[in-house]
Amino acid sequence: MLLLRSLRVGKAAAAPVAAAILAGVLTGAALGAGPYLISQRDREFKPGEIAIRRGETVRFSNDDGELLHHAYLSSDAFSFDSGDQQPGSNFDVVFPVVGEFTVLCGIHPKMKLRVHVTR
């Protein structure tokens with residue numbers, strides 16, 4: 001109920017807001033959550049598999065010392081290409097469609113990230 005108090009809503013509005021939060025109607029972005037962080041380190045995506053909802057953001061962060069990375073996805077439903085990522089750089093991508101996707105690194109072919117996108 002602390003959240004409801006901080007929103008300064010009246011008693012009549014408190015129940016619908018609480019119900020919306022419990023039902024998951026308000027997304028992580030609406031609650032101030034940041035993007036899902038994928039570290040590119042030790043020539044791996046970490047974690048190597050995630051589950052997100054359609055419309056959520058994934059941030060690829062090159063945390064691999066002095067190595068370049070190049071995250072990309074090419075599918076009939078959705079594609080993106082980060083270009084060469086310098087060490088310390090980030091690349092954000094929104095997954096707009098439901099599906100199962102494999103993100104690869106154009107520089108390190110063994111790097112794979114499985115992304116499960118639901119509604």
Side-chain angles (χ1 to χ4, degrees):
M1 286 304 176
L2 178 62
L3 176 63
L4 296 178
R5 189 172 298 158
S6 68
L7 290 174
R8 296 181 185 218
V9 295
K11 288 182 183 178
V17 170
I21 292 170
L22 292 174
V25 173
L26 298 177
T27 65
L31 295 174
Y36 289 86
L37 181 61
I38 301 298
S39 177
Q40 298 168 101
R41 186 169 18 104
D42 301 327
R43 295 183 180 153
E44 294 179 2
F45 290 111
K46 295 181 182 186
E49 186 169 351
I50 61 169
I52 63 172
R53 289 186 170 195
R54 182 183 66 217
E56 291 186 313
T57 301
V58 175
R59 174 170 290 161
F60 293 89
S61 181
N62 183 348
D63 302 320
D64 215 352
E66 297 186 18
L67 294 178
L68 290 175
H69 286 289
H70 188 127
Y72 74 94
L73 168 67
S74 181
S75 76
D76 292 338
F78 169 60
S79 298
F80 72 86
D81 189 322
S82 71
D84 287 350
Q85 284 184 267
Q86 296 293 323
S89 68
N90 296 315
F91 176 77
D92 289 353
V93 61
V94 174
F95 282 75
V97 294
V98 172
E100 303 290 322
F101 302 98
T102 301
V103 178
L104 302 169
C105 177
I107 299 171
H108 306 101
K110 292 183 181 180
M111 289 178 65
K112 294 182 182 178
L113 167 66
R114 306 281 298 163
V115 182
H116 310 278
V117 183
T118 62
R119 291 193 286 168

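Residues take their numbers from the sequence shown, with the count starting at 1. From a predicted model like this one, the values you see are computed outputs, not experimental measurements.
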Go through the steps to decide whether Y36 and F95 satisfy the test ring-ring contact (aromatic ring centres under 6.0 Å, His included), and finish with yes or no. CA-CA 11 Å; Y36 289 86; F95 282 75; 9.8 Å; no

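Applying the salt bridge (charged side-chain N to carboxylate O under 4.0 Å, His left out) rule to D81 yields no partners; only residues at least two apart in sequence or on another chain are considered. Applying the ring-ring contact (aromatic ring centres under 6.0 Å, His included) rule to H108 yields the partners H69; only residues at least two apart in sequence or on another chain are considered. Residues satisfying the salt bridge (charged side-chain N to carboxylate O under 4.0 Å, His left out) test with D84, not counting sequence neighbours, are none.
In this structure, F78 and V93 have side chains that are in contact, with non-hydrogen atoms separated by less than 4.5 Å. Taking the side chain as every heavy atom from C-beta outward, D63 and Q40 never approach each other to under 4.5 Å. Between L113 and F60 there is a side-chain heavy-atom pair separated by less than 4.5 Å. Using a 4.5 Å heavy-atom cutoff, the side chains of Q86 and N62 are not in contact.
Between F80 and the choices V58, V103, V94, the side-chain contact (heavy atoms from CB on, under 4.5 Å) rule is met once, by V103.
V97 and L73 fall within the same hydrophobic cluster, defined by Ile, Leu, Val, Met, Phe, Trp and Tyr side-chain heavy atoms under 4.5 Å apart, directly or through other members.
Between the CD atom of E49 and the OG1 atom of T102 there is a distance of 9.0 Å, given to the nearest 0.5 Å.
Evaluation of the salt bridge (Lys or Arg N to Asp or Glu O under 4.0 Å) test over residues 89-109, restricted to residues two or more places apart or in two chains, returns R59-D92. Among residue pairs with one or both ends in residues 104-119, none qualify as salt bridge (Lys or Arg N to Asp or Glu O under 4.0 Å); sequence neighbours excluded.
Hydrophobic cluster membership for L104: Y72 (Ile, Leu, Val, Met, Phe, Trp, Tyr linked by side-chain heavy atoms under 4.5 Å, directly or transitively).
Using modelled atom types, one side-chain atom of S82 and one backbone atom of A71 make a donor-acceptor pair closer than 3.5 Å.
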